[in-house]
2 protein chains.
Amino acid sequence: MKYNKKKNKCNGNRERDYGLMNPTIHDIAKRANVSISTVSRVVNNPLAVREEKRQRVLEAIKELGYEPNPFASGLRDRLTKTIVAIIPDIANPFYASMFRGIEDTAREQRNNVMICNTDRNEERFFEYMRYFKKKKVDGIIFASDPLKEHYYKGFEELNIPVVLAATKSEDHLLPYVKIDDYQAGYDAGMFLIRNGHKRIGMISGPKSDPIAGQPRYEGFLASLKKYERLADDSVVFGDFQYDSGYSGMGKLYGKHPDLTAVFAASDEMALGAMAFLQRRNIDVPRQVSVIGFDNIRFSRMITPPLTTISQPIYEIGKEAAMLLYDWIENRDTIPKGKQLQHELIVRDSVSNRNT
Amino acid sequence: MKYNKKKNKCNGNRERDYGLMNPTIHDIAKRANVSISTVSRVVNNPLAVREEKRQRVLEAIKELGYEPNPFASGLRDRLTKTIVAIIPDIANPFYASMFRGIEDTAREQRNNVMICNTDRNEERFFEYMRYFKKKKVDGIIFASDPLKEHYYKGFEELNIPVVLAATKSEDHLLPYVKIDDYQAGYDAGMFLIRNGHKRIGMISGPKSDPIAGQPRYEGFLASLKKYERLADDSVVFGDFQYDSGYSGMGKLYGKHPDLTAVFAASDEMALGAMAFLQRRNIDVPRQVSVIGFDNIRFSRMITPPLTTISQPIYEIGKEAAMLLYDWIENRDTIPKGKQLQHELIVRDSVSNRNT
DNA sequence: TTGTACGCGTTATCAT
DNA sequence: ATGATAACGCGTACAA
């Protein structure tokens with residue numbers, strides 16, 4: 001009774017400043033001469049309402065430009081229309097490009113995507129997890145580090161779809177989108193071999209990294225062993241960052257001053273290696289060739305322009321987001337992951353020793 | 001009556017699966033033996049409640065791990081708890097760093113920030129504007145290009161707070177956060193002069209750019225004129241990107257092969273200039289010195305490491321976001337903008353000619 | 001099939 | 001200073 005009066009008064013008020021106000025489910029109901037539940041049904045379960053009314057409602061929705069209020073439905077505990085991208089650092093161009101892929105498909109779905117920069121810090125990761133328990137999100141794209149066991153546990157608690165981008169899980173079957181890192185490492189080695197290099201070194205990522213570390217390392221080794229090139233002790237391990245590339249090249253050069261080519265598992269490490277060489281007045285590529293990995297924006301801007309393995313990083317993000325939405329829409333079938341193709345970008349940092 | 005019964009039943013239910021459940025304001029209230037209004041006050045306006053009770057409430061909040069439900073408050077106050085960052089491209093490290101500043105303060109406010117990459121494309125900008133008219137946002141940080149007149153018109157329609165980051169508006173008084181670009185250009189010129197350079201060139205941004213273009217150009221000119229160094233026709237104009245730096249250096253070198261130093265209005269253009277020189281076997285910095293602008297992540301990773309003017313870009317983002325939140329909270333007083341300090345980062349790309 | 005009314009958690013208003 | 005309660009917009013159990 002009292003309730004009803006209030007409601008009417010409320011609607012009455014709203015009519016006045018129309019156009020400014022966002023139409024609600026009530027406005028649509030009135031316009032279409034149905035009840036709010038009918039409107040709600042049309043939106044959420046269209047088949048449950050008679051054709052004729054459905055049309056009326058649909059029309060009213062169009063005319064008034066109705067969009068459900070995400071806070072109201074969020075409060076009621078449904079989808080929040082936002083997904084999360086967990087990445088190490090958006091200021092890293094590699095992840096930034098991936099993010100653009102994610103973002104573009106999210107926009108197509110009229111969805112929001114929230115960035116979480118972990119800075120590779122576990123504490124921050126779990127902080128986010130706690131936050132998500134409150135403020136629900138529909139799904140997660142995880143692109144930070146290899147997926148550790150307790151990270152997985154965190155996801156499990158949330159009980160929402162998670163897909164992996166440029167990484168994968170050994171023990172759990174979460175869908176992932178990535179390239180074939182083993183093959184890519186193999187290809188890098190082969191490229192050097194085909195260019196006549198005999199003594200080849202590598203600056204690898206950490207062996208403990210089951211994605212960008214070990215596979216690239218092993219693919220590379222395989223190519224070398226096949227042609228009986230130098231191997232094993234001509235490999236040094238870094239953390240993908242510039243400084244470890246610089247110092248890694250230093251170690252390598254100390255042990256094997258006769259190296260003619262080096263494969264770095266990231267472009268940043270390749271930059272570091274080149275910096276070391278150039279500061280020692282060792283010419284790249286004439287004396288030592290360098291091949292990188294990632295094809296970041298700046299790899300073409302340095303001197304000499306860097307030959308590198310390109311990951312289709314934008315597409316990885318895009319594909320991962322699409323998989324995620326598939327899963328969100330159809331909660332009970334886990335989508336299958338995908339392998340995307342890498343590509344060798346030939347620029348000027350590798351010399352041909354065959355001639 | 002009926003109401004009360006329901007409430008009790010509900011709370012009764014909740015007690016059981018505690019630990020799993022997120023505590024609400026009601027749970028805190030009960031625990032602290034106060035009303036929910038008091039709890040709400042403690043959270044939003046602590047000074048309005050007596051010390052003793054406040055402590056009790058605070059303690060209960062700690063113990064139960066209460067966090068306000070953003071959906072509920074969003075529903076109440078019509079704020080969407082999301083702001084928008086309009087930038088050219090998140091894959092550009094300059095904007096990525098700014099974004100991190102924005103994001104970090106947004107997170108403090110338990111807010112979401114949505115990225116809009118315009119790619120410097122007007123069409124995309126207005127697409128976003130249309131989107132915002134539907135799905136409201138609380139405020140905007142604009143960091144894309146100079147603010148054109150019809151962009152401003154777009155904002156006006158939305159009728160929400162907008163603050164400018166690393167840019168400003170000539171005609172409208174939107175708050176902005178930026179450095180003093182004129183002074184920065186002046187400082188760059190002075191640094192070259194103090195290092196004994198006599199014939200100095202510049203690769204500027206477009207003169208039509210009233211922020212990163214003209215002021216840096218004029219500040220630079222002012223320093224040169226003061227000491228009667230070469231000026232005017234030793235300036236060439238680019239678009240801040242790598243390629244224009246490369247070709248710009250080409251033009252400059254064609255006209256003035258005797259130049260000993262060049263100031264580039266962006267690090268990317270500086271990279272381009274260095275690439276041109278190095279490919280001509282002109283040594284940097286021995287034969288030609290280069291100073292850049294921005295201090296992007298990679299400026300220290302090239303050979304030689306780039307001397308440059310550093311914008312506190314993270315802080316610019318952070319400060320802009322804080323201004324925006326001030327404005328959102330207090331809709332009727334436009335906050336005043338801020339000028340932040342730039343800094344000269346001396347590395348190895350400028351030689352000293354005095355000795 | 002359709003409509004009514006309650007509850008989600010919070011804040012603001014109004015009494016006290 | 002504190003407490004009761006309406007209202008925000010939506011979804012859904014239940015009634016019709």
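What you see is a predicted model; the values in this text were computed from it and never measured.
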How many whole angstroms separate atom [atom1] of [X] from atom [atom2] of [N]?
{"X": "A:Phe71", "N": "C:dG9", "atom1": "CZ", "atom2": "C1'", "answer": "13 Å"}
{"X": "B:Arg56", "N": "D:dA1", "atom1": "CZ", "atom2": "P", "answer": "16 Å"}
{"X": "B:Lys30", "N": "D:dG3", "atom1": "NZ", "atom2": "P", "answer": "15 Å"}
{"X": "A:Leu75", "N": "D:dT12", "atom1": "CG", "atom2": "C1'", "answer": "14 Å"}
{"X": "A:Leu47", "N": "C:dT2", "atom1": "CG", "atom2": "P", "answer": "13 Å"}

Reference residue B:Glu52; test salt bridge (Lys or Arg N to Asp or Glu O under 4.0 Å); the match among B:Arg54, B:Arg56, B:Arg50: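 Of the listed options, the one satisfying the test is B:Arg56.
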Taking the basic N atoms (NZ, or NE/NH1/NH2) and the acidic carboxylate oxygens, is any pair closer than 4.0 Å for A:Arg107 and A:Glu103?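 Result for this pair is yes, salt bridge flagged.
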For A:Leu173, look at atom CG and say whether over 12 heavy atoms of other residues, nucleotides or ligands are found less than 6.0 Å away. no
Are there more than 12 heavy atoms of other residues, nucleotides or ligands under 6.0 Å from atom NZ of B:Lys81? yes
Using the rule side-chain hydrogen bond (donor to acceptor under 3.5 Å, both in side chains), only one of B:Lys53, B:Glu59, B:Glu51 pairs with B:Gln55; which is it?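 Only match with B:Gln55 under side-chain hydrogen bond (donor to acceptor under 3.5 Å, both in side chains): B:Glu51.
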For A:Phe125, does the six-membered ring have the charged nitrogen or CZ of A:Arg120 within the cation-pi criterion, i.e. under 6.0 angstrom from the centroid and within 45° of the normal?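 No; the conditions do not both hold, so A:Arg120 does not lie above the ring face of A:Phe125.
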For a quick test of reading the model: is some side-chain N or O of B:Ser35 closer than 4.0 Å to OP1 or OP2 of D:dT2?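 For D:dT2, neither OP1 nor OP2 has a side-chain N or O of B:Ser35 closer than 4.0 Å.
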Give a yes/no on whether any side-chain N or O of A:Lys53 is located under 4.0 angstrom from OP1 or OP2 of C:dG3. yes
Under 4.0 Å protein heavy-atom contact, by nucleotide of nucleotides 10-16 of chain C - B base, S sugar-phosphate only: BBS----
